[in-house]
Every structure is written in C-alpha cells, then in structure tokens.
Amino acid sequence: MDKTDILNYIRDSIVNLDFEKSKEFTKIALENKVDPQEIILKSIAEGMEIVGKKFEASEYFLSELIVAGEIGKEITQILQPYLKGAEVKKIGKVVIGTVSGDLHDIGKNIVSMMLEASEFEVVDLGADVPVESFLEAVKREKPQVVAMSALLTVTMVEMKNVIEALKKTGLRDRVKVIIGGAAVTEEFAKSIGADGYGANAVQGVRICKGWIT
Amino acid sequence: MDKTDILNYIRDSIVNLDFEKSKEFTKIALENKVDPQEIILKSIAEGMEIVGKKFEASEYFLSELIVAGEIGKEITQILQPYLKGAEVKKIGKVVIGTVSGDLHDIGKNIVSMMLEASEFEVVDLGADVPVESFLEAVKREKPQVVAMSALLTVTMVEMKNVIEALKKTGLRDRVKVIIGGAAVTEEFAKSIGADGYGANAVQGVRICKGWIT
Amino acid sequence: MRFKEVTLSPDTLIFGRAKYPLRYGHNLEVGKGQVIPEIKYFPRVDKDVKEEYGKITESILKRAVDLDIRSLQLETELTYLEMRTKDLPGDITQLQRHIIDRYAQEYGLNIGFRVTVADIRDLGRPKHDEDSYMKIMETFESVASNGADVLSIESEGGKELFNYAIIRQDILGVVASIGQLAALDMKKLWKDIVKIANNKHVIAGGDSACAFANTAMRLAGGKRDNVIAHSLAALVRVMSASRSLVAYEEGAVGPGKDCAYENVFIKAITGYPMSTEGKSAAVAHSSLVGNIIAATCDLWSNEQTENINLFGGCGPEVFLEILYYDTKIMNTALEMGKEKELKSLFVKSDKYVDPQAYVLAPEVAYEICKAIVGEEDFFSRTLTSAYETTSMLLNDDRLALAKNEIRFLEATRTRLEGLNKNPSKVQELLTSYEPKVTKLRIRDYFDV
Amino acid sequence: MRFKEVTLSPDTLIFGRAKYPLRYGHNLEVGKGQVIPEIKYFPRVDKDVKEEYGKITESILKRAVDLDIRSLQLETELTYLEMRTKDLPGDITQLQRHIIDRYAQEYGLNIGFRVTVADIRDLGRPKHDEDSYMKIMETFESVASNGADVLSIESEGGKELFNYAIIRQDILGVVASIGQLAALDMKKLWKDIVKIANNKHVIAGGDSACAFANTAMRLAGGKRDNVIAHSLAALVRVMSASRSLVAYEEGAVGPGKDCAYENVFIKAITGYPMSTEGKSAAVAHSSLVGNIIAATCDLWSNEQTENINLFGGCGPEVFLEILYYDTKIMNTALEMGKEKELKSLFVKSDKYVDPQAYVLAPEVAYEICKAIVGEEDFFSRTLTSAYETTSMLLNDDRLALAKNEIRFLEATRTRLEGLNKNPSKVQELLTSYEPKVTKLRIRDYFDV
Ligand SMILES: [Zn+2]
Ligand SMILES: [Zn+2]
Ligand SMILES: [Zn+2]
C-alpha cells in the first residue's frame, strides 16, 4: 500500500461512516510513517468535505454528518501523540447548555457535536443548567461564544436571566450569545439582547463560525 | 274602559312590542286624565319588568328587550308635556363610542340602547371616534361613565390613547371608563387602566348601573 | 346578465367541482376536481407591517414545502388602516408576489394570490363619499398591477339601514337593506371592479355579505345565546345570496370570498368555484356551521389568523397545515369516487343543529336558489327566498326549534307575506326608515 | 399479564369503537361508539398559574355549552416546574374539578378529566434518583385524591441512551434503549401507578413514548428535512409500541395518552380505547400523519395549546371547537354505518406520504402487532417488529422512498438481522454503551 492509497482509505472510511476501518487504517498509516499532518489535511478534511457535500445534496442525513465528525475527532485523538507538541488548533471555544428547568438536550447535543466537527472546542454544561453555572463557565473557560437552548416556553425566560447576569458581572462584552430551540424565535432573541439566533443546527454553527473568522 | 284596563293595555302593548297600540292607548289614557306618573310607574315599569323576565327565561330575545325599551322611551316622550315640569329623571349619563379606525358600531349600539332602556342618558358619539372627540364630550357632557368599543385588534390601542388623554387633561378622575368589543379582554382592560370590562351588553349595562347606584 | 336558472343540482353541488373551473396564478386550478387550502392571515399590531407580510408569506410557503402541499392560495385582506397609508396596499402586494414567484419557481408549487380591498366608505353615504370610492378603485388598480391574481371586496352598501334593523329584529328593514340598497350598491361597484380586472387581466373574484350575514351570525352566537333569533341569522344568510349574486351578474367569475357562507347558493346558481371558511374559522369566531359549509367548497379557508407564535410555528403556517389535512380527506374522496359519501357526512353532522346550518344543506339551498332565480328584480328575489325559507324552517320537525324561534318565524312569515313587491311600495318602505336611521340617504342609492 | 394475541383485526380497528370501552368521570363513555374531543392546554408564562387553569377550564366548558358539545375530556399535563412547587399539582386538579363538576351538574355535560404527571427524574438515573421517583408517586396520589379521573405519564426511562443513539442513527442503540431499558423502567413504574389508581378508584390511563418516538418525529421534520431518516422515525414509532404496551401489561386500561401515536398498535393488541392527537397538533408541532392517525382514535386531541388570545377566543376553546367538528364527522359516520368509508379516507390520504404514516395504517399496524405478540420478551418484541417493518417499508413501491431512505433501511435491516436476541448478547450490547453515554448506568435498570 502506498501513501496515497492509505490516505484515501482513511478518507473513504470517514465517508462510509466506518469507525472500525478508519481506526485500522490510521494505525497502518502511522506504522508506515505517514505524516500525521497529512492525514489531517488530506484524509480527514477531504472526507469531511465529501460528507458535507453529500449532506447538502440530500444524499446524507445530518446525523451522518455528525457521525463523520466524530470519526474525524477520534482519528485526530489517535494522531495527537505523533503531532510533535503541536496541539490540533481549535478555531474557537463555545460554552453550551440547555437552560434551567428544561431537560431537553437533544437539539443542544446536535449543535454541540456539529460545533466540534467544525473544529470548535465545546464546553457542554448539559441540560437544566442554572444561571450561575453559565457564569462560572464563562469566567473559567473564557469562551468566545455562549450558546443556550430551550424547548419550552416556560423556560425561555431563563435565557434572559443569563444575559442579565452576564451584564451585571461585567462578562457580557467578552462573549457573543446565541440562542435556539423550539420555543425561541428570532424576535425573542432580539428582545432579550442575544447576538444571534439559530433556527436550526446548521444555521447556528454557521453564525458561530461567522463570529470567529 | 276604566283606568286599570287602560294601564294594562299600555303595559301589554309594550310586552307585545307593539309600537302603534302603545301610542294609541297612551293617547286614550291622557284623554281619560290618567296620571302620567302612573303610566310610567305602572304600565311602562311593569311592562319592562315582564319583558326583562321573559328575556331571562329565554322566551324573548335581547333584541326584543331593546325594542321594548324604545317603546317605553317613546311613551315617555308623549307623556313629557303632561308631567308638569318634572323631567323624567335619568339615573346617570354615559358618553359612548367606537374608537378611531374602527367602523364597527353594532355592539356599541346595542349597549347604547340598553343603557337608555335602563334610564341612562346616553351621548352616542358614533363609530371611528377620535381621541379629541371623547375628550370634548367629557368636558361638555360631564358624564359619569365613558364607554368605548373596538372590534379589531389593531384599533384596541386607541382605547389606551383615550385613557392617557383623559389623564393628561385631568379628566380621568371624573369618569369611570368601561370598554368592550370582540377584540377586548378583561386583562387588556386592566392593563390599560380601564375601570370595567363588559364581556357582553347585559354585563356592560350591569357594571354601569353598579357605578351609579 | 341575469341568472335565470340553477346551474348545479343538489347532487352536482359538491366540494372540489364547479361547472366553470378557473385557472390562474402559478397554474392553480380551482373547481376542477380538488379542494385547495386558502390561507388567510393578519400582521401583529405592534410590528412593521411590510416586514410582517414578508414573514407570513415566507413561513406559509416554507410549510407548504415541508408538507409537500402542491397547490394553495394566499389571501391578503387589507385593513382600513392599511388602505389609509399611501402606496402600502401595492407595496404589500408586490412584496408577497416576489416571494410567491420565488417558491413557485424553486419548488414548482401551484399558487394563487387573492387580495381583498377594504370598503372604506363611511357607512352612511355609500354613493356620495366620492373620495373613498375613488380610493377603493385606485387600490384595486394598484394591487392588480402589483401582482394580485384575484380581486375581492366585502362591500357594505346598505349597512346603515341593516345595522338599525338587525338589532331590532326588524325583518322589513333587513329585507329592504339587503334586497334593495346593498344590491343597488353592488351593481355599481362591481361594474367598476370588473372593468379594472379585465383591463389588468386578473380575476374578479366576488364579494362577501360579511357585513350583513356574519354580523347576524355573530349576534346569534352560540346555541344558548339569545341576542337575536338564530332563524333570523339564517334568513339574513339566505337574503345575502341575492345580494352577493349581483357581483357575478356584473361579470365576476369566482372564486367567491371565503367568509361568504352564501357561496353555497352562489355556486349552485352560477356554477363558479367558491371559497368558504369552516371549522378552522373558530380561530376568528365560533360558528354552528363548521362542517356543513365544507360540503360545497372549492377553496377551504381559516377565516383569518394573526401572525403570533403558536409553538408549532406562527399562526398562519399552523392553520395552513390544519386546512391542508382537511382538503386531503376531501381530495382523497374525490379520487376514490367517494365524494358523495363524505359530503353527506359533512351535511348530516350539522344540518339539524341550527337553522343557520339547515339552509346551507345542498338540498335545502337548491330549493332556495330556485326561489331566487324565479324572480326578476333584486328585491323580489330577496323577499321570496326569505319567505320560502321561513316555511321550510317551520315545516321540518327534525330541526326541533325552540319556542321563541317558532314565534319569531311565524311572525316573520306574516310580515314578509304582507310586504308588497310593488316597486313604489318598496320605495315607500325605504323612505319610512330615513327619519329613524341617522345616516341613511335613500336617494344616494338610486342617483347613480 | 402478557398480551399474546392481537385483539382487533384491521377491520375492527377503527375510530370510536374499542373492544373494552371505559366509563368514568361524569358518565363519559369512551370507545363505545363515538369519538370524544380531548382538549389540552397550557397556561401563559407570565400569569398566575392557578388563575390560568381556572380561566382555561371555564372557557373550555363555556364553549362546550355554546356549541352543544355533550361529551368531552380535559387533560392537564403538569410541567416540570409545576411539579417542583409544593401542593400545586393537587391544587390545580382540585380547582379544575370544581369547575368541571359545576358545568356537569348545570348543563348535564359528560366530562372526563385526565391529569398527566411529569417524569421529573434526571435522565441519567431512572432508578437511583429516589427522591424524584417518590415525588412522582406522591403527585399521582395527590391528583388522584383531588379529582383526576385518569392518570397518565410520559415516562423517560432509557432516554439517556436513546438520545445518544438517535442523533447518530445508531439503530442498535435505539433498539437497546427502547426495547430493554425503557421497557424495564415502565414495568416498575406502572406497577406502582396501577396500585395507586386502584387504591383511589381512578383509571390508570397509560403512557406515551413521546420522549422517544416524538423526538424522532421532530428530528425527521418535514418532507424535505434531512436530519435523520424518516424511516428511522417510523421504526422508533413501531418499537415504542412494545415499550408502551408494558403499561397495559401492568394493569393500565386506557385511554392511552394522545401523543402516543403508537396507540394504534396498542389499541389493536389490547382492545382498550385510545386517545390520539392529529392534524390540530400542528399548533404544537408539524407532522406528516395528521389524518391517518384519526383512523383509530377514541379520543381526539389537539396536542396542547397555550392560553393566548386568538381573536375567536383563547387558544384552548378555539381548538376545542375545531376538534369537535372533526369528531362530529366521525360520529356521524358511526351513526350512519359509514365509518369504514371515512376511515379509509383518513388512511389513504396519508399512507404513502411518508414511512411514519405508512406504519400507522391499520392493515400495516396489524402485521406489526402480530410480530410483537409473537415474541415473549421485551427486547425480542422490539427487535422483531422493527425488523419486520424494515421489510414492509422496502417492499411497498407505492411508498416511493428516496434513495437515502432505502440506503438507510437496507443497512438497518442488515444490522437488525445481526442482532442476537440472546439475553447475554443484549446485556453485552448495552454494556458497550456505558463508556460512551455519560449518564448511562445499565445496572440501575436491572437492580430493581
Ligand atoms: Zn368577512
Ligand atoms: Zn368569518
Ligand atoms: Zn407528548
């Protein structure tokens, strides 16, 4: 097997959403002294791009985009020790959570995983997150973005509370705030002073990317 | 025909909603020197009471209550010259109108007529009434009550404008304000600082009466 | 042109099929074998009007794509306030037109677009408020130029007398207002509207007696409400048929406006496709005829829904979804040849609940239509059809009318019987109201 | 008790008729020849909660009187936040009970009252979060004592694994979560609920796999949405049947909760009457199954509507009116012996639109039910019924599935085929998820 073949195999195993094969070929690549940077730039990046195009052409489901992202993440972790000190660079950091009183986390999880697949570092606080936890995470993690989700009308008001608390503690200007979830509308986002509103996961990630680059 | 017969005939013609007969018998009564006060107290008051009971028992329609009220009013007008200076006393005065931008006047008319049938003096400003006209009428007529109606959501805000204007001109404390109409709710009434809300005509009139007596 | 026959029989008068189907907008076919949802909406009060119309239109068409709705119609009903703002009606129309065109092209949707102009004339002077009349006609021109496919109005000529009469249950005043004043006003108005429609190559859709029959319906209220007789509301609906028919005699071709429940009669007589609102109109007002009215519709509407957030989406898109599922059942029935069975369910589920429902049953409506076309002039049509209806209502025991309804109907029948169809008598009757009804000027209606 | 046969045939599985009708509340009969509207609502956020429930209840019952609705059911679905407030669930129940009793007495209405308790356990520890479990049971006791006629819950055992699996289209994880974890949790939970219901002489109504199947439905979205395969959402619905059945095996008798579209299967197997939401659920979320689900319901619901002002009244009363007209058509069909024709329209209008609709068609559902009752244990039922469904979906060309749907189904069939029903293998499968799913603790489900 020559180098190009190996790189293509890794790429294809990502496109085929095949966890096992992707790990296997990555090991073979390392055994064959393929440059880890090349695996990242050729196999993973190209694989993700193909999957992204297939999603846009309605050939793939969003769930498959997510799985591909996870495979890419796993390969990167395997490559980590061989990257000679150079950490894989993240493009930005997001603190994300479903607000207090709301146990719905599936939409939040999708956004979270898609952010990771888009090279964000994601600090996921989970569901039913109280205001204080958001504040602490902002202080501790120094993210560029705070993302909040709410499915229920009754819990939407919590988003406002978080933004108010960020203001009071002088943290508001350090972060962009984006919100989303079934109950939330663009107008509501504006009315509580959020910087962005994601009608769906794809759009939410696009907005976050726009803020960073 | 003795006096009692004549009084009963007038009463019955009101109950039967018979305009012509009621006028005819009223003239006969006057020719026979029946005391006009007695016609008012016996024939009209009793007639109206019977009609009211028939309405409550679902035998009569509200429209028939209104017509009976109009007959009573017409008889009273015939009797006026014979009442020896003593004006028929009204129990209170209401300025009423549909607010600016709203041409719907049927609900307002029903309330207006039912107020008259309940011995109120009614100053009906019509439909599409601008704020200033309400103000002028309050200054000029010195009513105890201002009643406003709106059918449309878009025109509801006008009610608030009228109340604000009454406040600014120092007239607010001189009147009670009641509002009604399809778009209006009790909560809206409270939120704009109205004193009362009439879910229907019967209720509206009841509230106005409560304020006077 | 005067309609002298009833085009559809009780049997052929059915949802989804008209004798004279229409085709307009983006290949929308109406009355040609399927029922189409017609979604209606109004902006929130405290928002930018144009922005609201844009959002509404987008969300509706997005939902159509999500549900794979292939054919639909939008209706914008301009308000009094929108009419008062210069250029706004045309701007709204154009804005919506662009969005509609984009979706039609991108997804191949069949879309029709109706714009209804508000009758902004002062109630009291239908003829002499020339400025308002001109404004109405200018608005028709403007929306037709800016992309409306269908023009409609809910005109209000005769309403000053009607308002006086209806709350007194004064049947003679009601007949005079609808049967003479409203009809005369319609004649002038629709001659002018049809002219504009023809010039601009758009559809003259028809008028609704909303200001009369729906006012009566709302006054009648629920089963236990007692403001006016429910039979009176039924009679007003019947009388409205003669009035609304005038638009079609002047050249309108449908689809008639949704809130005109009298479209049942109009469809039977003209054979043109009609829109009706039904059970989903509960979002705007309660009614006792939510199913029976579906028996004969070609477009199926929600009356009107505010653009508020309803969790499942904004009001208009939510109601489009509900309407769509209703039409799917009707269209499946049409495909399977089971439409008569379904129609019969719609009719039977409501027919005997209330006189207002009863008169809309196709077999009853047909008899009423025969009474209408049997007469020559506006007034006689109105009078005779109302008279015949009183008899039909009194003679069907299954209606189980309350005592006060029977009392009302018997008294009304006697009064209608006594009403002479002679034109000079009618004039006399009308004139008798002039001193009583503040803004009524009878001469206005005749000096056209 | 374990269901080993399918009680209803594709033919007898129909709206309004159950094999074992129920009678409760104010003489409400469910499943005995008519479909009854079940109206659901939630208070506005910024208002006093109790006051809101009072207003909602009044306006609903007032509308029932206006429209002459003789039979109806109200459902209060307690929220997480309401559950957290001491005494509130009981207070709300009592408040509504008083109003219901007043209307029942004054107008002779037949009214049922369902209270649904929220599953407030932390997703990750369905067994070990003892405090929350106790709180749930206390709330059931409280609402039963304070006037609820029917008890329900939408329990969420197994959801921590399901949430992980569904967004990855990981079919093995989905089967394991619903077929093993959820079912085990249901068994314990419903044993306890049925005990309370029996003690308090109220009805144990059943559970909804809302947290699974409706989550999948929402992820699947509209016809052109592409988040997860629509076939997967259909499979999750099918698998939910085995899960929700457990409540009835533990003693629940229906009517099952409205948002459980799997009630089609449950009704077929158990013969108990069921509630379902349909097209009017658009007010809460869009769906592709708005008509077909009506084919088999005994109560007909709107999902849930906020108590906002909709011009025609507040949300709940407006939706009661819409539901009522729907039920009138069904009930007229039942009276006229035309119910099979109407059912067929409901089914045919949706069946081939989407796999999610397809599996709900009575003739399809019946085959799936046979697969369910043919197996002995929870997991095998779930696995086999899902497997059979993949074949049925792949083999019916009229479905016209998109390429990616076919790809998904074929891969899924292979994966399900490879899944061994052997208990130790299942355990192994489950255990493999523990390191991946943060809060998952498999042992919690088995150590009961
Ligand atoms: Zn109208
Ligand atoms: Zn209407
Ligand atoms: Zn649910």
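Chain letters run A, B, ... following the sequence lines, proteins first, then strands; residues in each count from 1. Computed from a predicted structure; not experimentally measured.
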If we define contacts as heavy-atom pairs under 4.5 Å, which of [options] has the most with chain C?
options: D:Ser286, D:Ser280, D:Ala333; answer: D:Ser286
options: D:Ala282, D:Gly222, D:Gly315; answer: D:Ala282
options: D:His285, D:Glu303, D:Arg224; answer: D:Arg224

Can you tell which of [options] has the highest number of heavy-atom pairs within less than 4.5 Å of chain D?
options: C:Lys338, C:Glu317, C:Arg63; result: C:Arg63
options: C:Asp354, C:Val318, C:Asn291; result: C:Asn291
options: C:Asn331, C:Asp66, C:Leu320, C:Leu288; result: C:Asp66
options: C:Thr332, C:Asp225, C:Ile308, C:Thr305; result: C:Thr332
options: C:Gln304, C:Lys348, C:Met330; result: C:Lys348

In Å and rounded to the nearest 0.5 Å, what is the CG to CG distance from D:Leu345 to C:Leu342? 6.0 Å
Distance, nearest 0.5 Å, that separates CD of D:Glu341 from NZ of C:Lys340: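 So the gap between those two atoms works out to 15.0 Å.
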Are the side chains of [Y] and [X] in contact, using a 4.5 Å heavy-atom criterion?
X: D:Met336; Y: C:Ser344; value: yes
X: D:Tyr325; Y: C:Ser287; value: yes
X: D:Val283; Y: C:Phe311; value: no
X: C:Ile322; Y: D:Phe319; value: yes

Proximity breakdown for D:Asn302 and chain C, heavy-atom pairs closer than 4.5 Å: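 No part of D:Asn302 comes within 4.5 Å of chain C.
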Under 4.5 Å to a heavy atom of chain C? For D:Val289 that would be backbone
Criterion side-chain contact (heavy atoms from CB on, under 4.5 Å) on D:Asp68 and C:Val353, from CA distance to verdict: CA-CA 9 Å; D:Asp68 212 12; C:Val353 167; 5.8 Å; no
Salt-bridge criterion met for D:Asp350 and C:Lys328 (N-O under 4.0 Å): yes
Any Lys/Arg nitrogen of D:Asp326 or C:Lys279 sitting under 4.0 Å from an Asp/Glu carboxylate oxygen of the other? yes
Side chain to side chain donor-acceptor pair (under 3.5 Å) partners for D:Glu335, two or more places apart: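 Listed in chain order: nothing, the list is empty.
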Show your reasoning for whether side-chain contact (heavy atoms from CB on, under 4.5 Å) applies to D:Glu306 and C:Leu310. CA-CA 7 Å; D:Glu306 192 178 358; C:Leu310 288 177; over 6 Å; no
Kindly determine whether C:Lys223 and D:Leu67 satisfy side-chain contact (heavy atoms from CB on, under 4.5 Å), including the steps that lead there. CA-CA 6 Å; C:Lys223 270 310 278 180; D:Leu67 292 175; over 6 Å; no
